[in-house]
Amino acid sequence: MKNVHDNILSTIGNTPLIKLNHVVKDLPCNVYAKVEYFNPGNSIKDRLAVHLIKVAEKRGVLKPGGTIVECTSGNTGMGLALAASQMGYKCVFTMASKMSQAKVDILRALGAEVHVCPTDVPADDPRSYYKVAARIAEERGGWLPDQYNNLANREAHYLSTGPELWEQTEGKITHYVVATGTGGTLVGTSQYLKEQNPNIKAIAADPKGSILKHWHETGEIDESLAGVYMVEGAGEDFVPKNYDAKYIDQFVEVTDTEALNCGRDIARLEGLFCGSTSGCALQAVLKTKDQFKPDDFVVVVFHDHGSRYVDKMYNDDWMKEKGFM
Ligand SMILES: Cc1ncc(COP(=O)(O)O)c(C=O)c1O
């Protein structure tokens with residue numbers, strides 16, 4: 001029997017690589033998108049969720065029927081909730097208040113308990129979504145996957161996203177471009193690709209208001225650079241342990257206006273209905289177009305689906321009200 005599954009989890013991964021035909025017309029080379037919304041939870045984070053749980057089971061830190069507590073921008077929560085529903089766990093999530101209401105509702109629909117925390121407080125403030133998750137995990141004896149500092153995050157991409165891209169491009173990939181948050185997608189995939197061919201370049205798109213680009217360029221962590229921005233899922237106000245500078249060649253700063261409008265162009269011109277970090281990643285490609293040569297094979301990751309952003313970047317009133325249009 002073909003394409004028949006025992007449960008939803010075996011449909012994760014093996015997402016298509018789709019050529020971009022219109023939004024990159026000014027580039028001299030081919031650009032393909034790794035479209036991760038084809039995963040069952042509509043984002044790349046499904047890959048991560050199952051791997052994190054399996055590693056935790058093996059280490060004995062997650063017991064049968066236990067509770068998973070995680071701070072998430074929505075997509076990791078979605079992956080964890082899907083996996084938990086089939087693997088027999090409960091989920092509690094904390095999210096920053098800037099995240100779409102749709103994401104909160106979807107997680108609740110999948111059976112998770114969700115706590116919305118203020119966006120505009122520092123990461124070490126007890127009200128931040130990081131600290132609230134840590135407190136709840138302690139109170140309930142839950143397991144905190146900690147996608148930021150748990151190296152099983154980048155390992156998930158080393159084991160799946162990297163090999164898939166290498167095989168799909170038949171080793172032709174020359175540039176790998178991705179909007180980065182925890183660093184898992186960027187570093188895990190890049191490590192695998194660079195082990196196959198050290199000349200492959202890994203380029204990170206960083207929202208303006210994140211401290212990561214400055215850290216990569218200077219080695220300094222300057223928290224005063226942290227600001228509020230609307231792109232959801234990428235950028236950080238600290239440097240998660242999943243980062244390893246040697247697997248990153250370049251950071252490109254992208255503003256909200258650029259990322260959100262680029263995301264809308266992707267939907268309109270390519271028929272790919274993606275989230276804001278897809279616009280952020282493609283904008284990084286467009287902003288550095290002079291570095292590409294005709295034989296290059298550029299892959300840009302589109303992390304998630306646009307349905308989670310219909311009340312924001314795909315809503316003209318919201319775009320105008322925020323000054324993005
Ligand atoms: C939509 C979206 N894009 C990009 C990222 C960044 O991926 P990573 O955390 O692997 O760096 C995330 C992470 O939450 C995300 O949800």
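All ligand and atom numbering here is 1-based and tracks the order in the structure.
Among protein heavy atoms, atom 11 (O) of ligand 1 sits closest to Gly181 N, 2.7 Å. Of all protein heavy atoms, the one lying nearest to atom 8 (P) of ligand 1 is Thr182 OG1, 3.3 Å.
Residue contacts with ligand 1 for Thr277 involve side-chain atoms from C-beta outward but no N, CA, C or O (heavy atoms, distance under 4.0 Å). Residue contacts with ligand 1 for Thr180 involve both N, CA, C or O and side-chain atoms from C-beta outward (heavy atoms, distance under 4.0 Å).
Residues Lys246 and Asp244 are paired through a salt bridge, judged by an N-O separation under 4.0 Å between the basic side chain and the carboxylate. A salt bridge between Glu113 and Arg140 is present, with a side-chain N of the basic residue lying under 4.0 Å from a carboxylate O of the acidic one.
Considering Glu36, Lys45, Gln147 only, the shortest heavy-atom separation from atom 14 (O) of ligand 1 involves Lys45.
Under the 6.0 Å cut-off for aromatic ring centres, Tyr314 and Tyr309 do not qualify, their centroids lying 6.0 Å or more apart.
Distances between N or O atoms of Asn75 and those of ligand 1 include at least one value under 3.5 Å. Checked by distance only, ligand 1 and Asp304 stay at 3.5 Å or farther apart across all their nitrogen or oxygen atoms. When only interatomic distances are considered, the shortest N/O to N/O separation between Leu186 and ligand 1 does not fall below 3.5 Å. Checked by distance only, ligand 1 and Ala234 stay at 3.5 Å or farther apart across all their nitrogen or oxygen atoms. Checked against a 3.5 angstrom limit, the closest N/O atoms of Thr185 and ligand 1 fall inside it. On a distance-only criterion, His303 and ligand 1 share at least one N/O pair closer than 3.5 Å.
Classification of the Tyr148-Tyr130 ring pair by plane angle, with boundaries at 30° and 60°, yields perpendicular. Using the six-membered ring where Trp is involved, Phe324 and Trp318 have ring planes that are tilted, between 30° and 60° apart.
Remark: Glu139 CD is packed, more than 12 non-hydrogen atoms of other residues, nucleotides or ligands lying under 6.0 Å away.
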Item to complete: Begin from the C-alpha positions of Phe93 and His115 and carry the test ring-ring contact (aromatic ring centres under 6.0 Å, His included) through to its verdict.
Response: CA-CA 6 Å; Phe93 298 126; His115 296 255; over 10 Å; no
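Placement of Val92 and Leu110 in two distinct hydrophobic clusters is found when ILVMFWY residues are connected by side-chain heavy-atom separations under 4.5 Å, directly or transitively.
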